[in-house]
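The figures that follow rest on heavy atoms only: side chains count, while hydrogens, waters and symmetry mates do not. In the text below, chain A, chain B and the rest are named by the order of the sequence lines, each starting its count at 1.
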Protein chains: 2
Amino acid sequence: MTQVTELRGDLELWARMKPLAESDDAEWVNAARDLDTWPGAREAARLQMRRGAAPRARKLYSPAVLADERDREALREMADHGFRVRIATTPLPQGTFIIDRRTIILTDPVLPATAAQGRRTYTMSAAPALVGGAYALFEAAWESAADLDAFLGSGRPAIDAQTSRVLRALGTGVTDEAAARQLGMSLRTYRRRVAELLVALDAGSRFQAGVRAGELGLTRG
Amino acid sequence: MTQVTELRGDLELWARMKPLAESDDAEWVNAARDLDTWPGAREAARLQMRRGAAPRARKLYSPAVLADERDREALREMADHGFRVRIATTPLPQGTFIIDRRTIILTDPVLPATAAQGRRTYTMSAAPALVGGAYALFEAAWESAADLDAFLGSGRPAIDAQTSRVLRALGTGVTDEAAARQLGMSLRTYRRRVAELLVALDAGSRFQAGVRAGELGLTRG
DNA sequence: GAGCCCGTGGCAGTTTGCTGCCACCGGCAC
DNA sequence: GTGCCGGTGGCAGCAAACTGCCACGGGCTC
């Protein structure tokens with residue numbers, strides 16, 4: 001039987017987390033929907049930033065985390081302190097921590113019954129199989145996620161309905177003329193949209209714009 | 001205490017797996033390094049294909065799986081039978097199965113001690129937190145992995161040292177002239193390389209090639 | 001109504017990308 | 001040596017892309 005512990009409530013979680021957070025040079029890896037995976041998440045991050053132990057921390061969030069202005073600032077701060085922050089294209093409903101490739105902590109899914117009690121539970125384990133498997137998946141998700149800068153720095157705003165159709169047309173590899181005809185607009189207007197896209201994606205060429213779009217997953221929408 | 005079971009040996013694994021494999025309409029999700037995650041993997045896949053229950057199966061492999069010619073064929077066959085197959089850019093050292101979002105089975109890391117015994121072990125659990133967490137990570141990894149066709153149909157062979165430099169140059173968004181000068185080759189040769197890349201990536205335009213390259217992660221090497 | 005703004009489209013001119021043709025050069029076989 | 005071959009580069013011509021300019025039309029205020 002492998003050891004898996006259920007942690008009831010945030011106090012218990014914090015009791016387990018703190019000694020780990022205080023040990024220097026530990027590798028922290030975290031996937032979550034937003035910055036409030038658990039009540040102490042922000043504080044823990046701040047603690048780590050102060051200790052300067054951040055370079056070995058990786059944080060993977062879903063795009064939802066960018067919705068709030070203050071959250072975006074918090075992310076910037078984390079990045080400035082050496083955290084590596086990336087944004088995945090999926091919701092990441094459940095939070096995951098992997099510490100030093102040895103310990104894994106997961107937020108339990110919020111069931112109506114549990115929510116009513118108002119006490120969140122967490123699952124913790126040090127079983128190599130569980131930790132290793134989760135780490136491998138995290139690595140795969142991390143590898144292809146977009147860097148925070150790519151999301152904040154470059155143009156998110158570009159995607160109104162029409163521009164998005166232009167983007168997809170570009171992705172099919174047809175000529176401007178064919179694409180414009182297909183979308184029912186003039187060649188001139190089509191190229192206007194393309195030019196706007198290049199600006200929005202901060203790209204100097206169509207190729208670069210394609211790379212950006214591909215990395216940001218804009219062509220799959 | 002949450003229930004996590006260690007399965008010792010392939011027979012025990014098969015005993016647990018089989019009833020799940022035989023139930024129709026189950027969602028199978030699998031991340032692994034290659035087709036031999038466990039001894040019965042190929043057979044199990046074949047079983048599923050025969051039952052036509054494949055459309056709800058997703059398989060995520062590391063690029064290593066493409067090394068062998070027969071493996072590539074096996075992948076094609078799976079794809080033809082409705083399996084959705086994608087290739088991630090990371091090694092995925094540990095195999096992971098998630099069945100119906102309720103059960104998770106992981107291959108244990110192969111330790112020297114265990115290897116000597118010649119008996120592989122697996123870890124199985126139905127704890128919602130573990131399954132849900134792994135599922136979320138899988139989803140994120142899946143979302144940004146490249147489709148099998150993108151890897152097989154298009155050109156993997158393209159990436160010799162020089163072509164790769166051309167690719168990076170393209171990614172910086174400079175003009176052909178500047179890029180050629182920078183790489184110390186003539187404009188003509190540079191464009192030859194670009195044209196070869198377009199063919200290799202099966203792209204009809206530079207934009208499309210950029211998207212492909214971005215999705216395949218070729219620009220990060 | 002006049003005047004204005006904004007988005008669209010046409011046109012023309014320029015730049016950039018793309019490619020077929022040929023010439024050159026180094027390596028190799030004979 | 002001659003001949004062949006594969007890779008390279010220059011040139012020219014063409015196609016595609018980019019952009020500045022202006023005109024037209026709808027919606028708006030006044």
Checklist line | Note: A:Arg46-A:Glu77 ion pair, threshold 4.0 Å (strictly below) | finding: no
> Does any N or O in the side chain of A:Glu177 come within less than 3.5 Å of the main-chain N or O of A:Leu187, such that one atom is a donor and the other an acceptor?
Replying inline: no
A:Leu197 atom CG is separated from D:dC18 atom C1', nearest whole Å, by 15 Å
**OP:** Respond yes when some side-chain nitrogen or oxygen of B:Arg191 is under 4.0 Å from OP1 or OP2 of C:dG17, and no when none is.
**Re:** yes
To the nearest angstrom, the OH-C1' distance between B:Tyr190 and C:dT16 comes to 12 Å
Using a strict 4.0 Å threshold on nitrogen-to-oxygen distance, state whether A:Arg181 and A:Asp176 make a salt bridge.
no
From CG of A:Leu183 across to C1' of C:dT8 the rounded distance in Å is 15 Å
Set out, line by line, the N/O atom pairs under 3.5 Å between protein and nucleotides 20-23 of chain C.
{"unit_1": "C:dG20", "atom_1": "N7", "unit_2": "B:Arg188", "atom_2": "NH2", "d": "3.2"}
{"unit_1": "C:dG20", "atom_1": "O6", "unit_2": "B:Arg188", "atom_2": "NE", "d": "2.6"}
{"unit_1": "C:dG20", "atom_1": "O6", "unit_2": "B:Arg188", "atom_2": "NH2", "d": "3.4"}

>> Taking B:Arg42 first and then B:Asp36, would you say they form a salt bridge - that is, a charged N and a carboxylate O separated by under 4.0 Å?
In response: yes
- Message: I'd like to know if the side chain of B:Asn30 and the backbone of B:Thr96 have a donor-acceptor N/O pair within less than 3.5 Å.
- Response: yes
Taking D:dT19, C:dT8, D:dC18 as options, the one with an atom nearest any side-chain atom of A:Ala195 is D:dT19
Determine, for A:Glu139 against A:Arg58, whether the closest basic-nitrogen to carboxylate-oxygen distance falls under 4.0 angstrom.
-> yes
message: Given the ring of B:Phe207, does A:Arg206 sit roughly above its face, with NZ or CZ under 6.0 Å from the centre of the six-membered ring and within 45° of the axis?
response: no
Hits for salt bridge (charged side-chain N to carboxylate O under 4.0 Å, His left out) against A:Arg102, two or more places apart or cross-chain, chain-then-number order -> A:Asp100
B:Leu187 atom CG is separated from D:dA12 atom C1', nearest whole Å, by 13 Å
Note: contacts of residues 173-181 of chain B with DNA chain C (heavy atom, under 4.0 Å) are B:Thr175, B:Asp176
ask   = Would B:Arg193 and B:Glu196 pass as an ion pair if we require N to O under 4.0 Å?
value = yes
Taken to the nearest whole Å, CZ/A:Phe207 to P/C:dT16 is 19 Å
Side-chain atoms of A:Arg193 come closest, of D:dG10, C:dT8, D:dC18, to C:dT8
Between CD of B:Glu196 and P of D:dG6 the distance, given in whole Å, is 14 Å
A:Leu198 CG to C:dT16 P, in whole Å, measures 14 Å
